[in-house]
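A short write-up of the structure that comes next.
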Amino acid sequence: MPEPTVILDTGAIQRALTRIAHEIAERNEQSSEVVLIGIPKGGVPLAQRLEKILAEIWGHAVPTGSLDVSMHRDDLDRRAAPNIHPTEIPFDVNGKTVVLVDDVLFSGRTTRAALDALNDFGRPKKIQLAVLIDRGHRELPIKADFVGKNVPTAASEKVQVRLGEKDEVLLERT
C-alpha cells in the first residue's frame, strides 16, 4: 500500500481556517446572528478553531455547538450500530445564521443528515456549510459555501483529517 500524501500541513490548515473565517465574516454582516455547529468528529474541533478566529475578527464570542447526525443518516440499515456522539447546542437556532462545519465533504449524505437533525432544534434564518476539504463525488445536490481546499480524488481514495498534536490532512490511495 502506498504511503499517504500530505495534502495540508499544520500551517496550511491554519491558513485555510483563517481564510474561511474571513469569508464567513464578509458574507454575514450581522455577526451577532451567526452560530457555528460542528458535525462530529472532525467538524467539532474545526468549529471551535473557527470560533476563536471569528471572535478576534468580530470582537465577541460566537456561540458554538455540536450536532450528532448518526440517527438521521440514510445508511442506518447498513451499519451494525451507529456511532453516536453528544449533541450540544446551548443556544437557540431560530432566526440565526447557522454555519455547519465539517472536515470533509464527499457524497453530501452527512450534510443532508445534519440538515435533517438541525430541524429538531428549530428553524434557522439561513444555513451555510463550511468544510476544510471538498473532495467531490457528490450524490446529492449539496455545495459548500466555504471551502478550505478542493481536492479532486478517486472514489476509492480516502481523505483523513488529523487534528491534535500534529495537524495534517492525508490522501490515502488504495
Side-chain angles (χ1 to χ4, degrees), residues 13 16-25 27-28 30-55 57-58 60-149 158-164 167 169:
I13 291 171
L17 291 175
T18 300
R19 183 173 36 78
I20 289 170
H22 281 279
E23 289 174 2
I24 290 170
R27 196 166 307 167
N28 296 287
Q30 295 291 328
S31 63
S32 62
E33 298 299 311
V34 176
V35 298
L36 301 171
I37 298 179
I39 300 170
K41 293 170 72 174
V44 174
L46 292 173
Q48 293 165 345
R49 291 180 187 195
L50 284 171
E51 190 282 329
K52 289 178 183 172
I53 300 167
L54 285 167
I57 295 169
W58 283 331
H60 63 81
V62 180
T64 304
S66 64
L67 177 67
D68 180 61
V69 302
S70 54
M71 296 309 292
H72 292 272
R73 294 192 54 91
D74 61 2
D75 60 355
L76 280 174
D77 60 337
R78 294 184 214 154
R79 294 174 178 230
N83 191 2
I84 297 176
H85 299 89
T87 290
E88 295 176 7
I89 302 179
F91 46 83
D92 187 9
V93 300
N94 287 300
K96 301 288 186 185
T97 296
V98 173
V99 180
L100 288 173
V101 182
D102 205 0
D103 53 357
V104 179
L105 178 57
F106 182 40
S107 67
R109 294 188 179 279
T110 299
T111 303
R112 188 218 40 90
L115 294 170
D116 286 350
L118 192 56
N119 283 332
D120 294 343
F121 293 90
R123 188 172 191 274
K125 177 181 177 183
K126 188 186 319 181
I127 301 172
Q128 299 171 338
L129 177 62
V131 298
L132 182 59
I133 302 292
D134 183 345
R135 59 173 292 198
H137 302 281
R138 219 71 77 240
E139 296 172 4
L140 300 170
I142 290 175
K143 182 179 184 290
D145 297 282
F146 312 105
V147 177
K149 184 171 180 76
K158 292 186 180 183
V159 173
Q160 186 175 24
V161 176
R162 293 182 181 167
L163 302 172
D167 294 344
V169 178

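None of the values given here were measured: they were computed from a predicted structure. Count residues from 1 along the sequence.
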(request) Kindly give the heavy-atom pair with the smallest separation between Asn94 and Gly122, and that separation in Å. (result) OD1-CA, 3.4 Å

(request) Determine whether Gln160 and Lys158 make a side-chain contact, defined as any pair of heavy atoms from C-beta on separated by less than 4.5 Å. (result) no

(request) Apply side-chain hydrogen bond (donor to acceptor under 3.5 Å, both in side chains) to the pair His60 and Ser31, showing each step before the final yes or no. (result) CA-CA 9 Å; His60 63 81; Ser31 63; 2.8 Å; yes

(message) Measuring only between side-chain heavy atoms, which start at C-beta, is Gln128 closer than 4.5 Å to Thr97?
(response) yes

(request) Please identify each residue that fulfils salt bridge (Lys or Arg N to Asp or Glu O under 4.0 Å) with Asp103, with sequence neighbours left out. (result) none

(message) Are Ile20 and Val101 packed together at the side-chain level, in the sense that at least one heavy-atom pair is separated by less than 4.5 angstrom?
(response) no

(request) Among residues two or more places apart or on two chains, list those pairs meeting salt bridge (Lys or Arg N to Asp or Glu O under 4.0 Å) that have a residue in residues 136-146. (result) Arg27-Asp145, Arg109-Glu139, Asp134-Arg138

(message) Within this structure, what is the CD1-OG1 distance for the pair Ile57 and Thr18, rounded to the nearest 0.5 Å?
(response) 7.5 Å

(request) For residues 114-124, pull every pair meeting side-chain hydrogen bond (donor to acceptor under 3.5 Å, both in side chains), keeping only residues two or more places apart or in separate chains. (result) His72-Asp120, Arg112-Asp116

(request) Kindly write out the residues that satisfy salt bridge (Lys or Arg N to Asp or Glu O under 4.0 Å) with Glu88, not counting sequence neighbours, or none if the list is empty. (result) none

(request) Could you tell me which non-hydrogen atom of Pro124 sits nearest to which non-hydrogen atom of Leu118, and how far apart they are? (result) CG-CD2, 4.0 Å

(message) Suppose the criterion is side-chain hydrogen bond (donor to acceptor under 3.5 Å, both in side chains): which pairs have a residue in residues 40-54, not counting sequence neighbours?
(response) Arg49-Asp167

(request) Apply side-chain hydrogen bond (donor to acceptor under 3.5 Å, both in side chains) to Thr87 and list each qualifying residue two or more places apart in sequence or on a separate chain. (result) none

(request) For residues Leu115 and Leu100, determine if any side-chain heavy atom of one lies less than 4.5 Å from a side-chain heavy atom of the other. (result) yes

(message) Does any part of the side chain of Leu67, heavy atoms only, come nearer than 4.5 Å to the side chain of Phe121, both counted from C-beta?
(response) yes

(message) Minimum heavy-atom separation for Trp58 and Asn28, please, with both atom names.
(response) CZ2-O, 3.8 Å

(request) Compare every heavy atom of Leu36 with every heavy atom of Ala47, then report the nearest pair and how far apart it is. (result) O-CD1, 3.6 Å

(request) Would you check if the side chain of Ser66 reaches a backbone N or O of Pro86 as a donor-acceptor pair within less than 3.5 Å? (result) yes

(message) Donor-acceptor pair, distance only, cut-off 3.5 Å: does the side chain of Arg135 make one with the backbone of Ser107?
(response) no

(request) Compare every heavy atom of Ile53 with every heavy atom of Ala21, then report the nearest pair and how far apart it is. (result) CB-CG2, 3.4 Å

(request) Taking all non-hydrogen atoms of both residues into account, name the closest pair between Leu132 and Ala16 and its distance. (result) CD1-CB, 4.0 Å

(request) Could you tell me whether the side chain of Leu50 reaches within less than 4.5 Å of the side chain of Leu17, counting heavy atoms only? (result) yes

